[in-house]
Structure formats: C-alpha cells, structure tokens
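Here the structure comes first, spelled out in structure tokens, and everything after it is commentary.
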There are 2 protein chains.
Amino acid sequence: MPIEENPPVHGGKIPHRTIGRLSLYRRQLGRMGGPDGTHVYSHQIADICGVTPEQVRRDLMVIGCSGSPNRGYPVAELVSDITAVLDGPEMQRVALVGIGNLGRALLAYFTGRHPKMSIVAAFDSDPEKADRIIHGCRCHPVQRMEEIVRAERIAVGVVAVPAAAAQGIADRLVAAGVRGLLNFAPVALRVPNSVFVEDIDVTTSLEKVAYFARAGKPATA
Amino acid sequence: MPIEENPPVHGGKIPHRTIGRLSLYRRQLGRMGGPDGTHVYSHQIADICGVTPEQVRRDLMVIGCSGSPNRGYPVAELVSDITAVLDGPEMQRVALVGIGNLGRALLAYFTGRHPKMSIVAAFDSDPEKADRIIHGCRCHPVQRMEEIVRAERIAVGVVAVPAAAAQGIADRLVAAGVRGLLNFAPVALRVPNSVFVEDIDVTTSLEKVAYFARAGKPATA
DNA sequence: ACTTGTGAACCATTTCACAGCT
DNA sequence: AGCTGTGAAATGGTTCACAAGT
C-alpha cells in the first residue's frame with residue numbers, strides 16, 4: 001500500500017485556495033475563542049470570514065477536522081489542526097530583501113506577531129541601512145545575503161525591492177536555498193519549478209478595484 | 001443607476017481575472033515599447049508576464065484587440081485599448097484611510113506615478129497627522145472623511161487601518177459614495193452587494209508561501 | 001429542527017488543438 | 001513556418017442538495 005504519510009498528519013494534497021482560507025479561519029478563531037463557547041458552527045466561521053458554510057466544512061474536511069451536529073466544531077482542536085497543517089514543526093525563518101518604505105512597514109507589522117514565523121534577517125543595498133536593527137530585526141548589506149540565508153537555513157524570502165532588482169535578488173535567494181517567495185515587485189519572477197511564488201501587486205489590485213468600482217462588481221466578490 | 005459611460009468597443013463582461021492581467025500586460029508593454037519593435041507576439045508578452053501565449057491572446061480578444069499573423073500585435077494600439085478598458089475617461093480619485101507605516105508606504109509608492117489614478121486625500125484618527133502633507137498628499141482628520149469623500153467625488157477607498165477599525169471605516173466610506181475598496185485589514189468587510197472589495201492580506205500570503213515552501217509547490221504557480 | 005459530511009452538478013477559467021492567414 | 005483566433009475539452013474550485021447524526 002503506497003500510503004504516503006508526512007510529519008504532519010494530513011495525507012494528501014490541499015487545494016491551494018484552501019490554504020489561504022485556513023489561515024483566515026485560524027486568525028478569526030483566535031479572536032473569538034475566549035468567552036465560553038468552546039464550539040463553533042460552520043456558519044459562524046463562514047459569517048466572520050466572508051465565505052459560505054459549505055466551503056468552511058469542505059476546507060475543514062480536507063484537513064481531517066470533524067464536528068458534531070448540533071454542537072459544531074471544537075474551537076481548540078480546530079486551531080491546533082489548522083496549525084499542524086500551516087505551520088509545520090519548527091519556527092519558519094523568513095528573509096526580507098529591500099528595506100524601503102514597504103520593507104519597514106512589513107517589519108513593523110510582523111515583528112513578534114507570529115508564533116511560528118519570524119523575519120530573522122533583512123537586507124538592503126544601501127550601506128547606510130546595514131548593521132542596524134530596525135523594528136527588532138537585524139539588517140545586513142545585501143552582499144552577505146547568500147551567506148546568511150544559508151547559515152540561518154531560511155526557506156522563505158520576501159522581495160520588496162524595485163522592479164529592476166527583483167529578478168536578480170530572486171535568483172540569489174533561490175541559489176541560497178529559499179523555496180518560497182513573497183514578491184511585491186511588479187514583475188513576474190522566473191524561478192525553478194520547485195519554488196513557490198506568491199505575488200502581491202498593489203498597483204494591479206488598485207486598478208482592479210478602480211475598474212470594478214466603475215464598471216460594476218461581478219457576481220462573485 | 002449613476003454614470004454609465006460607453007467606452008470604445010468591448011461590449012460584454014470582462015472576466016475578472018482578465019482585468020488583473022490586462023493591468024500587468026500594460027505595465028510590461030510600457031516598459032518594452034521603445035527600441036524599435038512596434039509589434040509584439042503573444043508569446044513575448046506571455047514570457048514577460050509569466051502566463052501562456054493563448055491566455056494572452058484570449059485576454060486581448062476579450063477587449064477586441066487583434067493582431068496579424070507573422071507581425072503580432074501593435075504595441076501602441078494595445079496599450080491604448082487596454083487603457084480604454086482599465087482607466088475610464090477621467091482621473092480616478094482615491095482616498096487612503098490610515099496613515100501608519102503601511103499607509104505612508106502606499107503614499108510614497110503611488111504619489112505621481114499613475115497618469116489616471118491619484119490618492120487625493122488621506123485620513124487618520126491621530127490628530128497629529130491631520131492637516132499635513134505627506135508625500136504630496138493632503139491629510140485630514142478622519143472626522144472629515146465623509147465630507148471630503150463626497151466633495152471630491154472619490155469612488156475608491158484604501159483601508160489601511162487596524163482590524164478593529166476597518167469595518168467602521170468601510171461603512172462610512174460606502175455611505176459617502178465609495179464603490180470599491182482595497183482592504184489591507186485582516187478582516188472580511190461587510191459591504192452592500194454593489195461595492196467591490198479586493199483584499200490584500202499579507203499575513204495570509206506569507207503563511208501560504210511558508211506552507212508551499214515546505215510542502216512543495218502545487219502544479220500551478 | 002438544526003447541524004455535519006459529501007457525492008454530484010455547476011461554474012469560471014485555462015489549456016488544447018487546429019483552421020485560417022500572411 | 002509561424003503566427004493569430006477560437007471552438008471544444010479539461011481543470012479546478014464552488015455550490016447544491018440531501019442523507020445521516022444528535
């Protein structure tokens with residue numbers, strides 16, 4: 001029997017949109033878990049997260065959570081099951097490249113906020129910024145990037161540099177062993193097939209909003 | 001039903017993912033239009049933008065662009081056709097709410113960059129920030145938001161406030177006539193059905209990257 | 001009566017495959 | 001030979017509808 005089991009519990013592939021929603025569910029559950037309700041119904045999660053109840057149930061099913069009718073899902077178990085999927089066993093180390101306005105905002109936003117993920121090093125080509133500590137994160141000259149990424153076993157990189165520099169940075173991060181990138185630069189990064197890239201393109205998003213604000217929202221939000 | 005303008009050609013609905021890619025195509029075309037090539041092939045656009053050639057052709061077809069075999073698509077016409085769809089006739093005015101680290105980064109990034117879209121007013125609940133000009137944008141106390149949004153006929157709002165404040169701000173923006181929101185707060189905004197919301201959730205995106213960096217990238221990027 | 005769990009239908013979007021043009 | 005334009009098939013994801021649990 002070729003049953004493929006992994007360090008975490010879930011056996012199979014998790015649809016990629018589901019991962020995003022699980023992150024959402026967990027955050028909102030953390031916010032509501034407290035008063036006394038130890039259980040939630042799928043429709044409550046759905047309301048808070050802006051999705052449908054059956055979507056919630058399906059997502060939870062995928063990661064092997066189950067609830068009981070007329071009691072709902074146990075909050076604590078839900079959170080820990082989602083965490084088992086999303087976070088993996090050890091602290092996830094992240095490198096930030098580009099300490100401009102955006103980079104600093106990211107540092108401010110993230111520092112110390114996440115129990116299982118931390119921006120452990122930041123890099124910039126401006127030597128002014130090197131060897132300082134910004135929002136609790138040590139900054140380095142970009143020349144030392146490979147060395148530090150390797151030494152710290154960093155697997156995730158955040159690209160917050162100008163468009164022209166982004167591809168070069170991505171290449172170097174990948175060469176240093178990074179396997180996932182969050183890219184804020186408005187270019188499509190070319191990376192080997194095994195590396196995952198998520199783009200956040202603020203200009204495109206704003207243009208989309210402007211378009212639909214004018215043309216009328218499509219049926220699906 | 002308010003302003004219904006009849007832009008050049010495209011008769012029907014444009015699929016919502018297509019809008020995002022058109023924004024991308026236009027930006028990259030602007031960057032490449034210069035040397036001498038007045039025409040591009042779909043596969044060239046595709047390469048630069050990280051999509052497939054047939055996707056490009058379909059997107060362009062939707063907005064009524066056509067190219068000729070063995071010459072490709074005329075760049076200038078492409079850009080102006082995309083612009084006709086995305087930008088609409090007049091300058092699109094945008095309001096920013098929340099002048100924290102992120103808000104300031106957005107102002108720095110956007111000011112004066114876009115020919116048809118401009119952040120014309122920013123708001124914050126901190127009176128320290130009111131009535132100053134940051135990165136060329138006038139800042140106001142949040143109390144005056146409705147008044148100014150209405151007076152300036154602002155149709156797009158950017159929500160860059162803490163989670164707890166986001167829903168209240170969204171309600172007030174919508175009441176003041178905004179029809180599209182770009183939401184950076186990690187909550188699902190409840191808005192009337194006619195208002196379009198695009199979420200940018202950095203934490204979720206990072207968690208997604210961390211997950212796929214660990215678990216292996218899915219087939220589609 | 002209200003919930004969960006889930007096969008099946010449905011829908012949007014992408015990709016295939018190829019005819020037609022130059 | 002290599003491109004565009006586009007029906008048709010495939011894919012991926014969401015919603016429906018309902019059986020079963022409590």
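What you see is a predicted model, and the numbers here were worked out from it, not measured in a lab.
- Ser66(A) comes within contact range of the sugar-phosphate backbone alone, with a heavy-atom separation under 4.0 Å but no base atom that close.
- With rounding to whole Å, Ile63(A) atom CD1 is found 15 Å from dT4(C) atom C1'.
- As a whole-Å value, the separation of His43(A) NE2 from dG5(C) C1' is 16 Å.
- Comparing dC3(D), dG13(D), dT4(C) against the side chain of Tyr41(B) picks out dC3(D) as the nearest.
- Comparing dG5(C), dG13(D), dT6(C) by their closest approach to the side chain of Tyr73(A) singles out dG5(C).
- The distance from atom CZ of Arg57(A) to atom P of dC18(D) is 14 Å, rounded to the nearest whole Å.
- For Arg58(A), the side-chain atoms get nearest to dG7(C) when compared with the rest of dG7(C), dT15(C), dG13(D).
- Classification of the His16(A)-Phe212(B) ring pair by plane angle, with boundaries at 30° and 60°, yields tilted.
- Atoms CZ (Arg21(A)) and P (dG13(D)) sit 9 Å apart, rounded to a whole Å.
- Using a 4.0 Å cut-off between a side-chain N of Lys or Arg and a carboxylate O of Asp or Glu, Lys116(B) and Glu90(B) do not qualify as a salt bridge.
- Ion pair Arg214(A)/Asp87(B) not flagged as a salt bridge, since none of the NZ, NE, NH1 or NH2 atoms sits closer than 4.0 Å to an Asp/Glu carboxylate oxygen.
- In this structure, Pro69(A) and Val51(A) both approach DNA chain D, and ranking their closest nucleotides by distance from the 5' end singles out Val51(A).
- Within the structure, every side-chain polar atom (N or O) of Ser68(B) is placed at least 4.0 Å from both OP1 and OP2 of dT22(C).
- Atom CD1 of Ile19(A) is separated from atom P of dG13(D) by 11 Å (rounded to the nearest Å).
- With rounding to whole Å, Asp59(A) atom CG is found 11 Å from dG13(D) atom P.
- At the phosphate of dG13(D), neither OP1 nor OP2 sits under 4.0 Å from any side-chain N or O atom of Gln55(A).
- Here the C1' atom of nucleotide dT11(D) and the CD atom of Glu54(B) are 14 Å apart, to the nearest Å.
- No salt bridge links Asp81(B) with Arg26(B); every basic N to acidic carboxylate O contact stays at or beyond 4.0 Å.
- Looking at heavy-atom distances under 4.0 Å, Thr18(B) makes no contact with the nucleic acid at all.
- With respect to the salt-bridge test (charged N to carboxylate O, under 4.0 angstrom), the residues Arg27(B) and Asp201(A) qualify.
- Within the nucleic acid shown, Arg71(B) has no heavy atom closer than 4.0 Å to any nucleic acid atom.
- In this structure, Asp47(A) places its CG atom 11 Å from P of dT3(C), rounding to the nearest Å.
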